[in-house]
There are 2 protein chains.
Amino acid sequence: MTNIQDVAKAAGVSTASVTRYLAGQTIRRADAVKQAIDELGYRPSHVARSLKTGRHDSIGVIVPDISNPFFAALVKGVEREMRPHGMQVILGNSDEDAGREEALVRELSQRTDGIIMAPLTENDEIPLALMKTGIALVFVDRDISSGPDVDRVLVDNASGVRQAVDHLVGLGHTRIAAISGPLDSTPGRMRHEALLSSFEHHGIAADDSLLRIGDFREASGRAAIQEIWAAPQRPTAVFVANNLMTTGALTALMEMGVRVPSDLSVVGFDDLPLAALLDPPLTVIARPDVDQGAAAARLLVERLGEPGQPSPAPHPTQSLVLPVELVVRGSTIAAPALPEGSPA
Amino acid sequence: MTNIQDVAKAAGVSTASVTRYLAGQTIRRADAVKQAIDELGYRPSHVARSLKTGRHDSIGVIVPDISNPFFAALVKGVEREMRPHGMQVILGNSDEDAGREEALVRELSQRTDGIIMAPLTENDEIPLALMKTGIALVFVDRDISSGPDVDRVLVDNASGVRQAVDHLVGLGHTRIAAISGPLDSTPGRMRHEALLSSFEHHGIAADDSLLRIGDFREASGRAAIQEIWAAPQRPTAVFVANNLMTTGALTALMEMGVRVPSDLSVVGFDDLPLAALLDPPLTVIARPDVDQGAAAARLLVERLGEPGQPSPAPHPTQSLVLPVELVVRGSTIAAPALPEGSPA
DNA sequence: GATAACACTGGTATCGATAACAGTTGAGGG
DNA sequence: CCCTCAACTGTTATCGATACCAGTGTTATC
């Protein structure tokens with residue numbers, strides 16, 4: 001590859017002048033430099049520049065599962081927001097693996113100016129190490145329990161769950177099953193806690209045979225619903241704490257011949273791209289996904305400033321909580337009349 | 001940040017010895033170096049290392065749309081294959097934008113040792129420039145028409161389309177509509193050409209009012225099916241050339257009150273994560289997605305070798321074509337009896 | 001004509017690591 | 001005791017760009 005020295009020589013100037021030309025400053029022999037660059041096909045080495053300046057003009061996004069439509073949409077939001085600021089967006093997919101997440105954080109923290117990430121668990125120590133390196137950090141969708149103040153963008157998980165339970169109770173359901181997410185992840189914990197407190201608020205006794213903890217992946221949704229359906233007393237409705245587990249649960253229900261909603265009402269957290277086309281159309285708690293990514297990107301830009309500009313003064317961290325919304329479709333209907341002999 | 005000099009000083013050795021320790025060679029004062037590294041929290045600068053060695057120990061993947069489940073799965077395959085080789089996978093999402101694709105190529109070609117990409121169009125000039133820089137390149141799912149030999153992994157588009165048309169004709173359909181993809185993209189062109197040649201093979205006249213070219217995105221599937229349904233003579237079946245356009249078409253059909261499959265049989269290219277749960281379950285041409293990514297990764301590894309090892313000798317480029325398979329579900333049924341007066 | 005201000009210029013140290021090279025040490029053999 | 005060899009060591013140039021510093025020329029002002 002040709003380097004800045006080749007260009008300088010070809011144009012008959014010093015490397016400093018080429019640098020100045022590259023930075024948009026006016027130099028006497030601009031034409032000659034431009035010509036030399038074109039003829040040699042010169043591209044400045046990003047690596048060398050980063051080494052000298054310490055800047056990268058790019059940010060990283062680390063998500064647990066890029067094939068989850070929610071995270072894919074989130075990434076889109078980040079990119080859309082970043083593009084006009086002239087920053088590259090680099091993606092990392094941890095595949096729900098702590099080791100891989102750590103490797104990505106190490107890698108991207110050296111190649112980017114800031115990182116937007118959804119940490120795997122609330123005990124995740126990795127981001128703490130990140131903060132010490134001075135890189136800008138924004139948490140999105142997930143949080144960690146300990147550690148320093150960090151910008152974050154969450155959604156109102158508690159409100160969503162409350163809306164869902166209110167909706168089911170309003171339809172007469174009292175035996176409500178739930179497939180929750182990992183309790184050491186922010187959305188898993190918040191949704192589960194909100195569920196229990198909603199149950200309590202409505203005077204519904206929590207029945208352990210109807211409560212399952214999954215791992216937010218499809219297979220665990222399948223397994224959980226099978227266990228729940230084998231419970232001594234079956235539920236009339238089920239709440240599933242995320243999109244992939246909902247997919248798994250629906251698949252298993254179809255295979256088991258359980259009809260939704262006549263045998264079982266289903267409400268899921270997270271909208272699905274095809275939720276309206278399912279049989280029946282799925283009732284869900286929808287939340288902003290693209291917007292959540294965009295919001296995180298905005299927080300990061302506020303901290304980093306534009307490429308080429310001096311960084312803005314540090315300011316206090318911000319926490320955003322975006323609203324969610326219950327979308328009632330066809331998968332939830334009134335509870336069947338109580339069988340004889342049941343408690344009132 | 002602490003650098004290698006700090007470590008060397010703290011351990012009472014030269015920087016060269018620290019480098020050697022880092023590279024796994026045996027040095028006399030290994031304990032002291034290890035201790036210094038731990039105490040100072042030293043992490044070697046990836047940027048500086050890359051500048052000196054020219055290696056990055058990471059690869060890039062550039063896709064047109066990460067929120068397309070097919071590409072998300074493909075990325076997963078790449079990562080799964082790369083992980084045991086100790087290479088980082090960095091993602092870029094061009095969002096179907098040529099300018100953004102170019103920026104990503106420039107960016108990632110300077111940060112990675114090789115790139116797996118699905119070029120936007122077959123006329124894409126960008127990868128050609130890439131080849132000149134000497135970086136390893138693998139095309140996946142899409143190809144470019146001109147230019148040097150490149151490793152590539154495609155699927156058997158023609159066979160898939162043929163299977164779909166054979167299936168529809170076997171069910172008695174003769175008025176078959178199609179929503180094709182962009183003709184300047186490899187899958188768009190190959191599927192469209194295979195469609196026309198299958199029509200010809202079965203003696204079906206191509207009716208322009210039933211053939212639409214979309215852009216592989218959901219909105220264009222919606223628009224196309226609306227136009228098709230407004231044709232003077234409606235079709236009894238439709239073939240849709242990819243997953244997102246199929247989603248769009250199904251949504252529009254539902255909104256228009258067209259019943260699938262009784263009013264219209266539907267077969268789509270690409271399986272959907274929820275295809276089996278749709279109403280009706282969707283007949284599709286399924287293809288390996290994760291495997292396609294994994295195959296591309298394998299080709300790249302063959303060219304790059306393991307990190308820390310010398311690169312293997314150059315070898316001729318390879319082209320893989322993976323098989324596809326028609327999955328018959330519920331969205332295709334026998335054509336209705338011909339209305340009176342129709343040509344036989 | 002001297003002086004100041006301005007707009008540029010090139011030389012060079014530097015970012016943080018690696019690798020080539022030229023020592024230095026200690027063990028073992030004669 | 002000297003020599004050879006193996007195993008390790010430090011010094012230094014280098015990757016490709018940037019930024020500081022100290023000029024150099026031109027123009028404007030008195």
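So that the names make sense, note that chain A is the first sequence line, chain B the second, and so on, each numbered from 1.
- Note: A:Leu120 CG to A:Arg142 CZ = 6.5 Å, rounded to the nearest 0.5 Å.
- Side-chain contact check for A:Ile135 versus A:Gln110: every heavy-atom pair is 4.5 Å or farther apart.
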For nucleotides 20-23 of chain C, which of its nitrogen or oxygen atoms have a protein nitrogen or oxygen under 3.5 Å away, and what is each distance?
none

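- Remark: P of C:dT25 and CZ of B:Arg29 are 15 Å apart, rounded to the nearest angstrom.
- When all heavy atoms of A:Val33 and A:Ile27 are compared, the closest pair comes out as CG2-CD1, 3.8 Å.
- Taking atom CZ of A:Arg28 as the reference point, atom C1' of C:dC6 lies 11 Å away to the nearest angstrom.
- At whole-Å resolution of the value, NZ in A:Lys9 and C1' in C:dG11 are 15 Å apart.
- What you find for B:Met117 and B:Glu101 is that their closest heavy atoms are CE-OE2, 3.5 Å.
- Scanning both residues, A:Thr2 and A:Leu40, for their nearest heavy atoms gives CG2-O, 3.5 Å.
- Nucleic acid contact class of A:Tyr42 (heavy atoms, under 4.0 Å, all strands): sugar-phosphate only.
- A:Ile90 has its side chain out of reach of B:Leu91: every pair of non-hydrogen atoms, C-beta onward, lies at least 4.5 Å apart.
- In this structure, A:Thr26 reaches the sugar-phosphate backbone alone: every heavy-atom distance under 4.0 Å involves primed, P, OP1 or OP2 atoms, never a base.
- From the 5' end on, the contacts that DNA chain D makes with chain B at under 4.0 Å to a non-hydrogen atom open and close at D:dC8 to D:dG16.
- The distance from atom CD of A:Gln25 to atom C1' of C:dG10 is 14 Å, rounded to the nearest whole Å.
- Taking CD1 from A:Ile116 and CG from A:Leu108, the interatomic distance works out to 12.0 Å, rounded to the nearest 0.5 Å.
- The phosphate of C:dT18 (OP1 or OP2) has no side-chain N or O of B:Thr15 nearer than 4.0 angstrom.
- Residues satisfying the salt bridge (Lys or Arg N to Asp or Glu O under 4.0 Å) criterion with A:Glu107, sequence neighbours excluded, are A:Arg111.
- Taking the screw axis at each terminus of the helix from C:dG1-D:dC30 to C:dG30-D:dC1 from five consecutive base pairs, the angle between the two is 50° to within rounding of 10 degrees.
- For residues 51-59 of chain A, proximity to DNA chain D is found at A:Leu51, A:Lys52, A:Thr53, defined as any non-hydrogen atom under 4.0 angstrom from a strand atom.
- For the pair B:Glu122/B:Asp184, no side-chain contact is recorded, criterion being any heavy-atom separation below 4.5 Å from C-beta on.
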Candidate pair B:Val78 and B:Ile59, rule side chain to side chain contact (heavy atoms under 4.5 Å, CB included), full reasoning:
CA-CA 10 Å; B:Val78 172; B:Ile59 66 147; 3.9 Å; yes
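- Positionally, the nearest nucleotide of DNA chain D for B:Gly12 lies more toward the 5' end than for the other of B:Gly12 and A:Thr19.
- If you take CD1 of A:Ile27 and P of C:dC6, they are 22 Å apart, rounded to a whole angstrom.
- At a threshold of 4.5 Å between non-hydrogen side-chain atoms, the residues A:Ile66 and A:Val75 count as touching.
- Looking at heavy-atom distances under 4.0 Å, B:Ser45 makes contact with sugar-phosphate atoms alone, never a base.
- Closest heavy-atom contact between A:Ala118 and A:Val140: CB-O, 3.3 Å.
- Identified under the salt bridge (charged side-chain N to carboxylate O under 4.0 Å, His left out) test for residues 9-34 of chain B, with sequence neighbours left out: B:Lys34-B:Asp38.
- Using a 4.0 Å heavy-atom criterion, one finds that A:Val13 contacts the sugar-phosphate atoms exclusively.
- In this structure the side chain of A:Gln88 reaches within 4.5 angstrom of the side chain of B:Arg100, judged on heavy atoms.
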